Asks: 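Okay, handing you the structure first.
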Amino acid sequence: MNLFSHFRDIVVAELQALDLPAGLDLSRVAVEPPRDPAHGDIATNAAMVLAKPAGLQPRALAERLAERLRRQSAVTAAEVAGPGFINLRLADGFWHARLAEILRIGPAYGDARIGGGRKVNVEYVSANPTGPMHVGHGRGAVLGDALAALLAKAGYEVTREYYLNDAGAQVEALAWSAYFRYLQALGAEIDETSFAAFQYQGDYLVPVGEALKATYGEHLAERGADGRLVGKPLDEWLQPVRDSTIAAMMALIRADLAMLGIEHDVFASERAIVESGAVDRALQTLDAAGLIYVGTLEPPKGKLPEDWEERPQTLFRSTQFGDDVDRPLKKSDGSWTYFAGDIAYHLDKYRRGFNEMVDVWGADHGGYVKRMQAAVTALTGGAARLDVKLCQLVSLFDKGVPVRMSKRAGTFVTLREVVDEVGKDVFRFVMLTRRNDQALDFDFAKVVEQSKDNPVFYVQYAHARARSVLRRAAETRPAATLTPESLASAPLARLTDPAELALIRHLAGWPRLVESAAEAHEPHRIAFYLQEVAALFHGLWNKGNDDASLRFLLDNAPALTEARLALVQAVAVVVASGLTVIGVTPAEEM
RNA sequence: GCGCCCUUAGCUCAGCGGAUAGAGCAGCCGCCUUCUAAGCGGCAGGUCGCAGGUUCGAUUCCUGCAGGGCGCGCCA
């Protein structure tokens, strides 16, 4: 249970019993942990928020409410403080009951219902299928995947989706590059400088060329009058080359994602959407609403593009929905812009039942957010909401020295190389040690360091230590006494040390953390929370070094030991639960 | 020129409209015959970029300004 919403219900009920003026807005009544733990276990601002509309003095109202709250059995003290806060202290027994709850519920502890089973679509990665993924893609992949798991834990029905950009000029350029590799594989005398369309020069297309040769032999090429192999006209090879190249690239990308433990439910094809006529239909909807017109845009002020010329374009009135300028839907050759396809795609998501959508993009797409949100609002009449999470840049370092990234110089660092080097767990955790909209420095040397400087190892170590105690306990006691059910009925009232109770309080905050992180779409909060839990646990552990009576395993005190094992087990449960949400494997030993 | 993001301790960063703003690192002082010292305790360190506004209350919301990053009509 989220104990804060539990007590909020109690506070609201007591307020209603106070015969205050009718029609008071209670929505701003908050029940939260006090910022300073010395103030108590739970604080509410109810009196301060309601005093004015109720025509009362905040502290007077607080006293009346506090008087009623003191009668709650779990409440040992209700003090009015500062401008009108009410600070509640809860009985140790209440916390012991939370501990038992954690053990009974196990890994599902923290599961919330705020999602109410509503469908939410999280679209992430969506990297162009033109080559291996880089580190920036990896950040978005981890964020999206962790957010999806978090929303699922919070009670949403989550679909993890990848928008496959398999239409447009880039994949055609990709096909040309693959075709070049194909001709090379056939032994054609052809060099890169004479092949202007050879844009994607990475080695990863060499096997694609080989595969095309194996499948098609020389059928996609022809021999000139002199018997030498040359290319055929575009329309005689484009489709098969493009399709098999995209398939090969997606296999590559999916393999990279699999390394990170990421698997999408749906791969939506841009080409399929365009070819199905969905774009025309979506734009007809907008047109019917008078949101499409042909007009001319002002040139950007300040820095005028070299080849600027005024020309009329088909535009979407995104300015009616908060965008800065109206946005083009058609290219000059009459084909749709990427934006037009994306409009149809988001309408498609809405039609599939998603009123809540999250897109995870790189920061370089920041200028695209307003128009996409404008389109979603326009298409759905405001029924659907699109949240866009922008991931700022990841900069690679090694021992503090920047790792230069240059495709041309061949020092392009792929996601695969990084994950091979540091491992899935380290990569995923580190990607969540910053808010998504904060730039992130990733230092190879630092993230594999095994010290408290490295939050991944710090948290893993806490879990491993907890498991180690439980293993040790299993050597001397019957297995039946160590099951979660058995530990839940241990004499938990024996846990009275302030450090033990502080740890239980923090563990009991997990359900609230899940809810607030899910509401804010901020999975990084889990990584920070786990560090706090780990710190409290390591601290408690070391108190046992200073004072042997505080150790978890005591030869002469079986009842107390049992209670402490329950606490250790709860730490393992919550840490494992949190790590699982962010996709990091809890370590059994280190 | 315009838009978006960022600005919190020497450094790297958390911080949900709430009270005396928190971690880690670096610095200083301590803790290992015994559950993992890959750890822990303590000390010191702040005009929350600047200026206004809203509010009982602003690091948090709004406006303006400054500095940094990203982007800016037929690329995706």
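Letters A, B, ... mirror the listed sequences (proteins, then strands); counts begin at 1. As the structure is a computational prediction, the values presented were derived from the model and not from experiment.
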Asks: Dump the intermediate steps for side chain to side chain donor-acceptor pair (under 3.5 Å) on A:Y368 and A:Q373, then the final yes or no.
Replies: CA-CA 9 Å; A:Y368 200 78; A:Q373 288 175 329; over 6 Å; no

Asks: List for me each residue that meets side-chain hydrogen bond (donor to acceptor under 3.5 Å, both in side chains) alongside A:H521, sequence neighbours excluded, and say none if there are none.
Replies: A:D387

Asks: Closest to the A:P328 side chain: B:G73, B:U55, B:C70?
Replies: B:G73

Asks: Using the P atom in both, what is the distance from B:G1 to B:C65, to the nearest Å?
Replies: 11 Å

Asks: Taking only Watson-Crick and G-U wobble pairs with both distances under 3.5 Å, what dot-bracket line describes RNA chain B, where [ ] shows pairs that cross earlier ones and | shows pairs with another strand?
Replies: (((((((..((((....[...)))).(((((.......))))).....(((((..]....))))))))))))....

Asks: Tell me whether the rings of A:F528 and A:H524 are parallel (<30°), tilted (30 to 60°) or perpendicular (>60°).
Replies: perpendicular

Asks: Tell me the interatomic distance from A:L50, atom CG, to B:G57, atom P, rounded to whole angstroms.
Replies: 17 Å

Asks: Identify which nucleotide among B:G69, B:C35, B:C4 has an atom closest to any side-chain atom of A:Q392, counting heavy atoms from C-beta outward.
Replies: B:G69

Asks: Let me know which of A:R564, A:R505, A:R494 forms a salt bridge (Lys or Arg N to Asp or Glu O under 4.0 Å) with A:E500.
Replies: A:R564

Asks: Mind checking the C1' distance from B:A9 to B:A21? Whole angstroms is fine.
Replies: 11 Å

Asks: Output one line per pair: protein atom, nucleotide atom from nucleotides 10-14 of chain B, and distance, for all N/O pairs under 3.5 Å.
Replies:
residue: B:U12; atom: O2'; partner: A:R434; partner atom: NH2; Å: 2.4
residue: B:C13; atom: O5'; partner: A:R434; partner atom: NE; Å: 2.9
residue: B:C13; atom: O5'; partner: A:R434; partner atom: NH2; Å: 3.2
residue: B:A14; atom: OP1; partner: A:R435; partner atom: N; Å: 2.8
residue: B:A14; atom: OP2; partner: A:Q438; partner atom: NE2; Å: 3.1

Asks: Is there a side-chain contact between A:S468 and the phosphate of B:U36, meaning an N or O under 4.0 Å from OP1 or OP2?
Replies: yes

Asks: Assuming nearest nucleotide by heavy-atom distance, tell me which of A:S332 and A:L513 is located more 5' along RNA chain B.
Replies: A:L513

Asks: By salt bridge (charged side-chain N to carboxylate O under 4.0 Å, His left out), which residues pair with A:R525, not counting sequence neighbours?
Replies: A:E522

Asks: If you take all heavy atoms of A:L390 and A:G362, which pair is closest and at what distance?
Replies: CD2-O, 3.6 Å

Asks: Rounding to the closest angstrom, what is the interatomic distance between B:C6 and B:G57 at atom C1'?
Replies: 26 Å

Asks: Once you round it to whole Å, what is the distance between P of B:G22 and CG of A:L536?
Replies: 15 Å

Asks: Given the C1' atoms of B:G22 and B:G15, what is the spacing between them in whole Å?
Replies: 7 Å

Asks: With sequence neighbours left out, write down each residue that passes side-chain contact (heavy atoms from CB on, under 4.5 Å) with A:F427, or none if nothing qualifies.
Replies: A:V135, A:V142, A:L260, A:L415, A:V418, A:V419, A:V422, A:M431, A:F442

Asks: What residues form a side-chain hydrogen bond (donor to acceptor under 3.5 Å, both in side chains) with A:H538, not counting sequence neighbours?
Replies: A:R465

Asks: Any idea how A:F537 and A:F552 line up, ring-wise: parallel (<30°), tilted (30 to 60°), or perpendicular (>60°)?
Replies: parallel

Asks: I need the CH2-P distance between A:W361 and B:G69, as an integer number of Å.
Replies: 24 Å

Asks: Any pair with a residue in residues 542-553 of chain A that passes salt bridge (Lys or Arg N to Asp or Glu O under 4.0 Å), sequence neighbours left out, goes on the list, sorted by first then second residue, please.
Replies: A:D497-A:K543

Asks: Do we see a donor-acceptor contact under 3.5 Å between the side chains of A:E79 and A:N87?
Replies: no

Asks: Check nucleotides 39-43 of chain B against the protein and report each pair of N or O atoms closer than 3.5 Å, with its distance, or say if there are none.
Replies:
residue: B:G39; atom: OP1; partner: A:K452; partner atom: N; Å: 2.1
residue: B:G39; atom: O2'; partner: A:R465; partner atom: NH1; Å: 3.0
residue: B:G39; atom: O2'; partner: A:N542; partner atom: ND2; Å: 2.7
residue: B:G39; atom: N2; partner: A:N542; partner atom: OD1; Å: 3.0
residue: B:G39; atom: N3; partner: A:N542; partner atom: OD1; Å: 3.2
residue: B:C40; atom: OP1; partner: A:Y458; partner atom: OH; Å: 2.3
residue: B:C40; atom: OP2; partner: A:K452; partner atom: NZ; Å: 2.8
residue: B:C40; atom: O4'; partner: A:N542; partner atom: ND2; Å: 3.0

Asks: Among the nucleotides B:C75, B:G73, B:C16, which one has an atom lying closest to any side-chain atom of A:R512?
Replies: B:C16

Asks: Output the rounded distance in Å from CD (A:Q199) to P (B:A76).
Replies: 12 Å

Asks: Closest approach of A:R59 and A:P83, non-hydrogen atoms and distance?
Replies: CG-O, 4.0 Å

Asks: Can you check nucleotides 19-21 of chain B for protein contacts, nitrogen or oxygen pairs under 3.5 Å, and list what you find?
Replies:
residue: B:A19; atom: N6; partner: A:N87; partner atom: OD1; Å: 2.8
residue: B:A19; atom: N1; partner: A:N87; partner atom: OD1; Å: 3.2
residue: B:A19; atom: N1; partner: A:N87; partner atom: ND2; Å: 3.0

Asks: If I pick the P atom on B:G17 and the same atom on B:C32, what distance separates them, to the nearest angstrom?
Replies: 45 Å

Asks: List the residues meeting salt bridge (charged side-chain N to carboxylate O under 4.0 Å, His left out) with A:K349, not counting sequence neighbours, and say none if there are none.
Replies: A:E123, A:D359

Asks: What's the base orientation of B:C32: syn (chi within 90° of 0) or anti?
Replies: syn

Asks: Just the rounded figure in Å: distance from P of B:A76 to CZ of A:R371.
Replies: 12 Å

Asks: With P as the reference atom in both, quote the distance from B:U20 to B:A58 in angstrom, rounded to an integer.
Replies: 11 Å

Asks: Ignoring backbone atoms, test whether A:R28 places a side-chain nitrogen or oxygen under 4.0 Å from the OP1 or OP2 oxygen of B:G18.
Replies: no

Asks: Where the side chain of A:D364 is defined as all heavy atoms beyond and including C-beta, which of B:C4, B:C70, B:C56 is the nearest nucleotide?
Replies: B:C70

Asks: Is it true that atom CD of A:E532 has more than 12 heavy atoms of other residues, nucleotides or ligands lying nearer than 6.0 Å?
Replies: yes

Asks: Could you tell me the separation between the CG atom of A:D387 and the P atom of B:C4, rounded to a whole number of Å?
Replies: 16 Å

Asks: Counting heavy atoms from C-beta on, name the nucleotide in B:G73, B:C56, B:G3 closest to the side chain of A:D324.
Replies: B:G3

Asks: Within this structure, what is the CZ-to-P distance between A:R551 and B:C32, rounded to whole angstrom?
Replies: 12 Å

Asks: Would A:K330 count as a cation-pi partner of A:W336, with NZ or CZ less than 6.0 Å from the six-membered ring centre and within 45° of the ring normal?
Replies: yes

Asks: I'd like the P distance from B:G69 over to B:G30, given in whole Å.
Replies: 44 Å

Asks: The criterion is side-chain contact (heavy atoms from CB on, under 4.5 Å); which residues satisfy it with A:Y293, sequence neighbours excluded?
Replies: A:L315, A:R317, A:D326

Asks: What does the list of N/O pairs under 3.5 Å between the protein and nucleotides 26-30 of chain B look like, with a distance for each?
Replies:
none

Asks: Can you tell me how the ring of A:Y345 sits relative to the ring of A:Y163, calling it parallel under 30°, perpendicular over 60° and tilted otherwise?
Replies: parallel

Asks: For the pair made of CG in A:L550 and C1' in B:U34, what is the distance, rounded to whole Å?
Replies: 15 Å

Asks: Toward the 5' end of RNA chain B, which comes first, A:E522 or A:M48, by nearest nucleotide?
Replies: A:E522

Asks: Indicate the atoms forming the closest heavy-atom contact of A:M590 with A:A464, along with that distance.
Replies: CG-CB, 3.7 Å

